[in-house]
Number of protein chains: 2
Amino acid sequence: MAVKSYGQYCALARALDVVGDRWSLLIVRELLDGPARYRRLLDGLPGIATNLLADRLRQLSDAGVIEHGGHAEYRLTPWGQELREPLYALARWAVPVVMRRPLGTDTFRSHWLAHPLAVIYAGCDPARRPMTVEIHVDGDIMTLQSANGYVELRSGKATKPEVVLAGPPDAILGLLAGQLDASTAKAAGLDITGRVHHLAELRPTTLLRAATSDMSTNEANGTSDVGRCTS
Amino acid sequence: MAVKSYGQYCALARALDVVGDRWSLLIVRELLDGPARYRRLLDGLPGIATNLLADRLRQLSDAGVIEHGGHAEYRLTPWGQELREPLYALARWAVPVVMRRPLGTDTFRSHWLAHPLAVIYAGCDPARRPMTVEIHVDGDIMTLQSANGYVELRSGKATKPEVVLAGPPDAILGLLAGQLDASTAKAAGLDITGRVHHLAELRPTTLLRAATSDMSTNEANGTSDVGRCTS
DNA sequence: CTGCATCCGGGCCGATACTG
DNA sequence: CAGTATCGGCCCGGATGCAG
């Protein structure tokens with residue numbers, strides 16, 4: 001179990017008893033992309049100590065969040081996979097601190113792009129422009145493909161990309177999310193080839209406004225202390 | 001900031017840099033009920049050390065999640081209030097470990113009931129039966145009121161309750177969530193007065209099935225490692 | 001080489017005492 | 001009431017060792 005159980009009869013506290021420890025949710029993030037071996041988890045979790053990874057894997061396994069399949073592969077249980085929603089909700093909440101603060105000295109792994117892009121291009125939009133975008137980032141090459149209203153990211157080169165993006169992840173993400181225009185992205189170190197303005201037609205019409213909301217405005221919050229009905 | 005920043009350019013990691021520390025999300029839980037003074041936070045967070053509460057309040061304040069208003073009152077910023085969704089998502093995910101494991105030696109505070117009840121009775125259901133339920137728990141008395149399709153919980157006695165429930169929180173919650181029938185709840189120490197079967201008409205027709213899902217079933221998860229479009 | 005276990009220093013956590 | 005100060009213990013983090 002966790003560092004120590006909170007010992008509170010509360011759903012949130014019990015959730016944190018299971019996945020509230022340091023690194024635990026990031027391990028789940030890695031496993032959301034599918035089963036992974038130990039070494040791959042280490043690579044996807046820069047900064048973690050090997051013993052900590054082993055400890056967390058044991059904890060999560062005992063709690064029923066992951067399971068230790070054959071070939072030393074770890075995978076999420078069905079219950080563990082249901083963490084995708086709370087995890088994406090937390091990530092969406094953190095959009096301001098991602099967009100407002102540049103990459104800095106933070107590490108990055110190319111496969112992390114899949115999650116924010118899944119949020120940005122969520123769902124099916126029949127009006128979405130079909131196109132192919134090749135992305136060079138972190139010494140890796142990935143392909144963003146729009147077809148039949150859906151957008152998917154896969155690893156590897158594209159055959160005939162309409163746009164090629166190469167540069168730091170924050171510039172790529174800022175451009176794809178619509179937070180940066182092409183010239184600003186270029187100033188941030190992004191190399192753009194092709195019809196960049198077509199990228200705007202990948203995003204659905206109504207776009208995440210949270211990215212532009214101010215984090216530090218002052219305003220009173222609700223005063224009722226019980227029974228707020230959340231629709 | 002946190003114990004130490006993960007140093008990863010990833011929305012989830014940056015979210016955890018802000019609210020990933022021990023107790024942080026539970027402090028946010030307390031403040032979701034409205035502004036609170038220091039002492040009230042201590043009462044609502046059984047087990048926390050005073051210095052840790054002070055540290056976390058400072059961190060959250062620096063990060064822009066909460067603000068220190070007049071009269072030593074702490075309140076969520078607008079950005080902090082947006083944590084309600086990720087937090088409820090985590091709590092919903094933990095329903096199995098709440099329903100399957102009894103209260104045990106865990107502590108409980110009556111105002112915590114507001115959150116699970118808000119989830120159980122979320123939204124407006126015009127067909128919902130109007131009624132009043134008085135709840136005695138943790139040496140406290142609260143009133144669950146159904147009117148105009150909405151269900152609200154407030155502290156204090158009811159004037160003419162159709163049902164009065166008195167007992168341990170797990171029995172109360174199990175009964176209200178429909179996980180326990182009346183006789184089982186009584187066996188768990190619950191005192192029931194009035195037309196208990198009317199309680200079933202408080203819940204919407206489609207009910208949280210997650211509560212009954214098995215936590216430890218074995219099944220392969222998805223294999224695609226990138227670009228899963230979450231509708 | 002992968003998949004851990006062991007060891008150890010530093011820092012956070014947790015309990016208590018203390019101050020304005 | 002609202003915190004600050006202090007101190008043990010344990011977890012975290014990094015390095016290293018070792019078995020398959």
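So you know, we letter chains A, B, ... as the sequences are listed, proteins then strands, and number each from 1. From a predicted model like this one, the values you see are computed outputs, not experimental measurements.
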Distance to the ring centre below 6.0 angstrom and angle to the axis at most 45 degrees; does that hold for B/Arg22 and A/Tyr6?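 So B/Arg22 does make the cation-pi contact.
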Without decimals, in angstroms, what is the distance between B/Gln59 CD and D/dG3 P?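 It works out to 15 Å between those atoms.
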Tell me if the side-chain of A/Asn51 makes a donor-acceptor pair with the base of D/dG14, cut-off 3.5 Å, by modelled atom types.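 Such a pair is found, so the answer is yes.
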Can you find a donor-acceptor pair, distance only, under 3.5 Å between A/Thr50 side chain and C/dA5 base?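 A donor-acceptor contact between them is present.
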Which one, [options], comes nearest to the side chain of [X]?
{"X": "A/Ala54", "options": "D/dT4, C/dC4, C/dG14", "value": "C/dC4"}
{"X": "A/His68", "options": "C/dC4, C/dC13, D/dG13", "value": "C/dC4"}
{"X": "B/Ala72", "options": "D/dG3, D/dC12, C/dA5", "value": "D/dG3"}
{"X": "A/Arg37", "options": "C/dG3, D/dT4, C/dA5", "value": "C/dG3"}

Using a strict threshold of under 4.0 Å (side-chain N to carboxylate O), is an ion pair present between B/Glu73 and B/Arg75?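 Here B/Arg75 pairs with B/Glu73 in a salt bridge, since their nearest N and O are under 4.0 Å apart.
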Within less than 4.0 Å of OP1 or OP2 of [N], is there a side-chain N or O belonging to [X]?
{"X": "A/Arg22", "N": "D/dC10", "answer": "no"}
{"X": "A/Arg40", "N": "C/dT2", "answer": "no"}
{"X": "B/Tyr74", "N": "D/dG3", "answer": "yes"}
{"X": "B/Lys4", "N": "D/dG14", "answer": "yes"}
{"X": "B/Arg39", "N": "D/dC1", "answer": "yes"}

Could you tell me how the ring of B/Tyr74 sits relative to the ring of B/Tyr38: parallel (under 30°), tilted (30 to 60°) or perpendicular (over 60°)?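 Answer is tilted, since the angle falls between 30° and 60°.
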Report yes if some heavy atom in the side chain of B/His115 is under 4.5 Å from a heavy atom in the side chain of B/Asp33; otherwise report no.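 Yes, close enough: below the 4.5 Å cut-off.
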